[in-house]
Amino acid sequence: MSEYILSKSTYIRGLQCHKSLYLNKFRPYLRDKITEEQLAKFARGHAVGKVAQQLFPGGVAMSRPGKPSAEKTAQLICEGFPVIYEACFISDGVIVALDILVKQENGYNAYEVKSSLALSNVYYNDAYLQYYVLNAAGFRPEKFFLIHRNAEIELTESGDLHEMFVFTDVTAECKTNELFVQEGISQMLEVMKRDKSPDIQTGKQCMYPYPCDFRGVCWKKISKAEQEELLG
Ligand code: SF4
């Protein structure tokens, strides 16, 4: 069996809907087609993440998330390497790749970069999960920061990087939510053991926090009027 079953994206999917989590794993061919807009968003996120690495230059980047990257990350931490990009951790059946890990006097600070102009609940949940997995893997960061773009400053190659991004220390919230994450993971791992998808009715969760990409299947069973109501 693989060392992990959930990732950041599947955990966030599972928080939205357990049925979506199940279908994504066992019936991926039922997913709606990915849109150009979504592809552009992924590319934007990747590009902003690369720029943000320069806030802490000179780091070493882990390759694809997986056991070799997790082992390499652990080794670099042990050696006190100053900056690690895409630092990988596996614990409790979950794999995460943290954007940037930076050595401090007494440990490491963790940084997760978001390409958006503001923080949302999803980003906080992402941070809570990562903080939990890092700790469960035996590594407690000193502080955990979410970084997002400063809406008032344009992202350019020549500007002051520290003005282009906003840092939010979410360590205290991460600590408060450790039990919430633990319970969420445990429920999701149970869902993944099922031999059929959970019987979950369509509802507000189909559009929040993201429009679900299994609406093509689930919404077939509801009327146009109900669909319009869910679309708000
Ligand atoms: S469409 Fe709604 S009910 Fe169906 S998997 Fe997605 S969120 Fe769940």
Side-chain angles (χ1 to χ4, degrees), residues 2 4-46 48-49 65 92-97 112-133 146 148-149 151 168 170 173-174 176-232:
S2 166
Y4 53 90
I5 295 162
L6 299 169
S7 64
K8 280 196 289 186
S9 61
T10 53
Y11 172 82
I12 295 297
R13 184 182 279 277
L15 282 183
Q16 178 165 354
C17 175
H18 282 176
K19 185 174 179 182
S20 170
L21 175 72
Y22 183 94
L23 292 177
N24 184 60
K25 172 73 180 171
F26 299 106
R27 308 276 187 278
Y29 50 86
L30 294 178
R31 257 196 318 253
D32 301 334
K33 258 191 164 169
I34 197 157
T35 64
E36 291 292 323
E37 192 189 336
Q38 286 168 318
L39 283 173
K41 198 174 161 194
F42 294 147
R44 204 163 50 239
H46 187 69
V48 172
D92 279 24
V94 188
I95 186 168
V96 297
E112 178 65 20
V113 181
K114 300 299 173 194
S115 60
S116 61
L117 300 176
L119 295 180
S120 69
N121 275 346
V122 170
Y123 300 150
Y124 278 90
N125 279 317
D126 179 336
Y128 302 159
L129 173 73
Q130 295 202 61
Y131 185 83
Y132 175 85
V133 173
L146 282 170
H148 71 277
R149 284 183 52 204
T168 306
V170 296
E173 292 94 322
C174 286
T176 309
N177 280 281
E178 281 183 289
L179 189 57
F180 168 78
V181 174
Q182 187 182 33
E183 285 172 355
I185 291 172
S186 155
Q187 287 169 11
M188 289 179 209
L189 294 179
E190 284 304 311
V191 169
M192 298 301 237
K193 288 185 200 156
R194 293 174 61 109
D195 55 7
K196 61 178 187 165
S197 72
D199 186 17
I200 294 174
Q201 302 304 307
T202 53
K204 286 197 188 328
Q205 83 280 2
C206 298
M207 292 301 294
Y208 181 83
Y210 299 122
C212 177
D213 49 7
F214 287 104
R215 282 176 296 150
V217 184
C218 294
W219 284 25
K220 262 189 204 156
K221 299 168 195 158
I222 59 173
S223 68
K224 278 267 172 272
E226 286 170 295
Q227 291 182 20
E228 274 161 26
E229 198 185 322
L230 290 177
L231 286 169

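Positions are given from 1, in the same order as the sequence printed here. Quick caveat, the model's predicted, so the values are computed rather than measured.
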| message | Please confirm whether the ring centroid of Tyr128 lies under 6.0 Å from the ring centroid of Tyr132. | response | no
Rounded to the nearest 0.5 Å, what separates atom [atom1] in [X] from atom [atom2] in [Y]?
X      : Y      : atom1 : atom2 : value
Ser115 : Lys41  : OG    : NZ    : 7.5 Å
Ser120 : Tyr210 : OG    : OH    : 5.5 Å
Tyr123 : Ser116 : OH    : OG    : 3.5 Å
Ile200 : Gln205 : CD1   : CD    : 7.0 Å
Leu21  : Thr10  : CG    : OG1   : 6.0 Å
Cys212 : Arg31  : SG    : CZ    : 10.5 Å

So, for [X] and [Y], which heavy atoms are closest and what is the spacing to 0.1 Å?
X      : Y      : answer
Ser20  : Phe214 : O-CE1, 3.7 Å
Trp219 : Cys206 : NE1-SG, 3.5 Å
Val191 : Pro198 : CG1-CG, 4.1 Å
Asp92  : Ile185 : O-CG2, 3.7 Å
Tyr11  : Gly184 : CE1-C, 4.5 Å
Tyr124 : Glu173 : CE2-OE2, 4.2 Å

| query | Can you tell me if Asn125 uses its side chain to pair, donor with acceptor, with the backbone of Asn121 under 3.5 Å? | reply | yes
| said: Keeping Arg149 on the side-chain end and Ala151 on the backbone end, is there a donor-acceptor pair under 3.5 Å? | reply: no
| field | Residue Glu229 excluded, over 12 heavy atoms near CD under 6.0 Å | value | no
| message | So if I apply the side chain to side chain contact (heavy atoms under 4.5 Å, CB included) rule between Leu129 and each of Leu15, Val94, Ile12, Leu6, which one comes out positive? | response | Val94
Answer yes or no: is there an ion pair linking [X] with [Y], defined by an N-O contact shorter than 4.0 Å?
X      : Y      : answer
Lys224 : Glu226 : no
Asp126 : Lys114 : yes
Glu112 : Lys8   : yes
Arg13  : Asp213 : yes

| field | side chain to side chain contact (heavy atoms under 4.5 Å, CB included) assessment of Thr202 paired with Leu230 | value | CA-CA 9 Å; Thr202 53; Leu230 290 177; 4.1 Å; yes
| Hey, mind stepping through Tyr131 and Val170 against side chain to side chain contact (heavy atoms under 4.5 Å, CB included) and telling me if it holds? | CA-CA 10 Å; Tyr131 185 83; Val170 296; over 6 Å; no
| task | Would you please test Lys220 and Arg215 for side chain to side chain contact (heavy atoms under 4.5 Å, CB included) and show each step? | result | CA-CA 8 Å; Lys220 262 189 204 156; Arg215 282 176 296 150; over 6 Å; no
| Between Thr35 and Gln38, a side-chain donor and acceptor under 3.5 Å | yes
| said: Quick one, Ser197 and Phe26 - any side-chain contact, counting heavy atoms below 4.5 Å? | reply: no
